[in-house]
Amino acid sequence: MDAVSAACPYCRILLVEANDSFFGNLFAAEDQAVAQGARFVSNSWGANEFSGEDLFDRRLAGHSGVAFTFASGDQGYGHQLYPAASPYVTAVGGTSLVRARNSRGWVEGAWSGAGSGCSPYAPKPSFQRDLSCPRRTAADVSADADPMTGLAVYDSFEFSGWRVFGGTSASAPLLAAMYALAGNPGTAGQPNSFPYARPWAFNDIVTGANGSCGGSYLCTAVVGYDGPTGIGTPNGVAGLTNGPIAASR
């Protein structure tokens, strides 16, 4: 919630808690969030992929025009998580972000812990066209997730003072907030397809890796799409909408 608020301080935030960590109740919480009006739903949970996950996809597919973001995981290449692997959500990977004396003011590379890979079960959505994975590939987009370069958080509970936190559990809510800043996604199309239509609106991450895959884009940041960082990190919010950018939220 703090990550959402930091990126979109004027957003109205709804917290929905599931009764337990079983998939049935977790997806009931997704349904409840949408029923209460949420158009952008951030999720920092997941499990290893499994046969039959498509049964839960039907719940997500039923919420047309809702932007679901899911953390891609923090175990690097080859550890695909569901629901991040669902073709109906935005799988959010991670980067390392460091200040630099260049025109952007930053250098950014793939975070070594960001989850990525080729799904053994989920079908490939029509807008995703990478060649080395016949099924769904994670991630779609990314944001700073390196715990060494992540969000500054003031801890008043256990360790008093400022600390730095990361993980794709931080990058996923950042992306959800950016979707909200971009405006209502409408009912046409899938919000997770928007970045693929506007790659020019993202910082293309071309350095770093999150595992060993023979230099393949599935675990290595390359020009264009790659597994650890997807299309890249948002440069503004124009890539997270299929229409004009909202004037305010």
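Heavy atoms only: backbone and side chains are in, while hydrogens, waters and symmetry mates are out.
- Pairs engaging residues 107-133 under the ring pair (Phe, Tyr, Trp, His ring centres under 6.0 Å) rule: F127-Y196 [sequence neighbours left out].
- With rounding to the nearest 0.5 Å, the separation of OH in Y82 from CZ in R136 is 11.0 Å.
- Through side-chain heavy atoms spaced under 4.5 Å, either directly or across other Ile, Leu, Val, Met, Phe, Trp or Tyr residues, V206 is tied to V223.
- N43 has its side chain within reach of E30: a pair of non-hydrogen atoms, C-beta onward, lies under 4.5 Å apart.
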Report all side-chain donor-acceptor pairs from residues 160-169 shorter than 3.5 Å, counting only partners two or more places apart or in another chain.
| unit_1 | atom_1 | unit_2 | atom_2 | d |
| --- | --- | --- | --- | --- |
| T168 | OG1 | G73 | N | 3.0 |
| T168 | OG1 | G73 | O | 3.2 |
| T168 | OG1 | D74 | OD1 | 2.8 |

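- Y179 and V34 are not part of a single hydrophobic cluster, where members link through side-chain heavy atoms under 4.5 Å apart.
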Which side-chain N or O atoms in residues 225-238 pair as donor and acceptor under 3.5 Å with protein atoms at least two apart or in another chain?
| unit_1 | atom_1 | unit_2 | atom_2 | d |
| --- | --- | --- | --- | --- |
| Y225 | OH | A139 | O | 2.6 |
| D226 | OD1 | T229 | N | 2.9 |
| D226 | OD1 | T229 | OG1 | 2.7 |
| D226 | OD2 | V222 | N | 3.2 |
| D226 | OD2 | T229 | OG1 | 3.2 |
| T233 | OG1 | E108 | OE1 | 3.1 |
| T233 | OG1 | N203 | ND2 | 3.1 |

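- When side chains are defined from C-beta on, Q128 does not count as touching C133, because their heavy atoms never get closer than 4.5 Å.
- Residues satisfying the side-chain contact (heavy atoms from CB on, under 4.5 Å) test with L15, not counting sequence neighbours, are M1, E17.
- The other members of the hydrophobic cluster of V107, by chain and number, are V98 (side-chain heavy atoms under 4.5 Å, ILVMFWY only).
- Side chains of F68 and S42 form no contact here, defined as non-hydrogen atoms less than 4.5 Å apart.
- Hydrophobic clustering (side-chain heavy atoms under 4.5 Å, transitive across Ile, Leu, Val, Met, Phe, Trp, Tyr) keeps V41 apart from V92.
- The closest side-chain heavy-atom distance from T241 to R198 is below 4.5 Å.
- Counting heavy atoms from C-beta outward, V153 and D155 have side chains that stay 4.5 Å or more apart.
- Screening F22, F27, F70, Y88 for a ring-ring contact (aromatic ring centres under 6.0 Å, His included) involving F56 leaves a single residue, F27.
- In this model, a donor atom of one side chain and an acceptor atom of the other lie less than 3.5 Å apart for D20 and N25.
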